[in-house]
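Quick note: numbers below take in every heavy atom, side chains included, and nothing from hydrogens, waters or symmetry partners. Everything quoted here is computed from the prediction, not taken from an experiment.
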Amino acid sequence: MTENNADTRPRRRWLRILRWLVFTLVIIATLVACAALVFEVRTSWFQARELSRYGAELNYEVQPGSSDAIRFPDHGPFDQRLGYTELRRFADRLVAHGFAIERQARFSPRLLEYADNGYFVPYREKIRAGIEICGQQGQPLYHYPE
């Protein structure tokens with residue numbers, strides 16, 4: 001019986017040391033996480049870095065021909081008032097009447113993902129509505145408002 005008791009003493013000591021080590025590591029990890037949180041709350045360093053990186057990936061290019069990599073607005077009072085929600089239908093009607101889309105925007109993969117998640121695509125807002133349709137030679141065929 002004394003032999004078993006002698007075997008368990010080193011194990012108990014190692015278990016006690018292991019418990020204290022784990023406890024100490026948890027306390028240190030908690031302190032580091034709190035310090036990182038306080039730093040972020042005071043400076044917004046991580047948020048600014050990551051959001052600006054993400055924003056830089058939300059881009060588009062205007063390229064020749066019609067685009068499959070584009071999303072048109074579905075709703076929104078500004079988009080409805082200025083007719084942006086009708087762009088897809090308007091373009092389809094023009095193509096059906098013999099017009100061609102010469103150039104159109106192509107969204108980056110991140111911008112497509114962003115739009116598919118229901119967010120509004122960033123663009124420069126106009127202060128007034130208008131449209132200009134040009135003929136083959138570049139002459140204006142229709143301009144609103146005049």
Side-chain angles (χ1 to χ4, degrees), residues 7-146:
D7 286 342
T8 58
R9 281 185 194 159
R11 281 188 202 161
R12 284 185 183 168
R13 184 169 14 134
W14 281 111
L15 283 175
R16 198 172 329 144
I17 291 170
L18 184 61
R19 272 191 226 128
W20 277 105
L21 181 64
V22 168
F23 178 74
T24 304
L25 289 174
V26 167
I27 294 295
I28 290 171
T30 303
L31 290 174
V32 168
C34 286
L37 183 63
V38 167
F39 176 75
E40 178 61 21
V41 166
R42 287 187 176 184
T43 65
S44 297
W45 177 81
F46 179 76
Q47 178 183 356
R49 188 185 79 185
E50 292 307 311
L51 286 179
S52 64
R53 277 187 192 171
Y54 182 68
E57 295 176 2
L58 301 179
N59 54 28
Y60 65 92
E61 283 185 43
V62 177
Q63 295 180 352
S66 181
S67 172
D68 292 336
I70 192 170
R71 300 292 181 270
F72 295 101
D74 297 344
H75 58 285
F78 191 76
D79 292 329
Q80 288 173 342
R81 184 166 51 97
L82 294 179
Y84 296 146
T85 56
E86 298 296 321
L87 278 174
R88 180 185 310 274
R89 195 169 61 87
F90 184 66
D92 290 344
R93 286 177 52 205
L94 284 173
V95 169
H97 284 87
F99 288 84
I101 296 174
E102 189 174 297
R103 295 181 304 152
Q104 197 169 31
R106 276 149 181 82
F107 287 9
S108 68
R110 292 295 287 231
L111 186 56
L112 282 172
E113 177 185 306
Y114 180 85
D116 289 342
N117 284 327
Y119 298 112
F120 291 107
V121 176
Y123 62 92
R124 285 188 209 112
E125 289 187 16
K126 296 180 180 179
I127 57 172
R128 64 183 194 136
I131 187 168
E132 183 175 276
I133 300 175
C134 298
Q136 280 185 323
Q137 311 305 330
Q139 75 278 15
L141 297 176
Y142 179 79
H143 181 76
Y144 179 85
E146 300 204 26

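Note that CD of E50 is 8.0 Å distant from CH2 of W45, once rounded to the nearest 0.5 Å. For the atom pair F120 CZ and D74 CG, the distance stands at 9.0 Å (nearest 0.5 Å). Between the OG1 atom of T30 and the CD1 atom of I28 there is a distance of 10.0 Å, given to the nearest 0.5 Å. Rounding to the nearest 0.5 Å gives a distance of 10.0 Å between CD of Q136 and CG of L141.
Listed here is the closest heavy atom pair of H75 and Q80: CA-NE2, 4.2 Å. When all heavy atoms of R71 and A115 are compared, the closest pair comes out as CG-CB, 3.8 Å. Nearest heavy-atom pair, Q47 versus E40, reported as atom, atom and distance to 0.1 Å: N-OE2, 3.0 Å. For the residue pair F107 and Y60, the shortest heavy atom distance occurs at CD1-CB, 3.9 Å. In terms of heavy-atom proximity, L112 sits nearest to I70 at CD2-N, 3.9 Å. The two residues S67 and R106 have their closest heavy-atom pair at OG-CG, 3.2 Å.
Within a 6.0 Å radius of OH in Y54, more than 12 heavy atoms belonging to other residues, nucleotides or ligands are found. Atom CZ of R103 has 12 or fewer neighbouring heavy atoms from other residues, nucleotides or ligands inside a 6.0 Å radius. Applying the 6.0 Å contact sphere to CZ of R49 captures more than 12 heavy atoms from other residues, nucleotides or ligands. The environment of D116 atom CG is dense: over 12 non-hydrogen atoms of other residues, nucleotides or ligands sit within 6.0 angstrom.
The main-chain N or O of E57 is found under 3.5 Å from a side-chain atom of S108 such that the two form a donor-acceptor pair.
Legend: residues meeting salt bridge (charged side-chain N to carboxylate O under 4.0 Å, His left out) with E61, ordered by chain and number and at least two apart, are absent.
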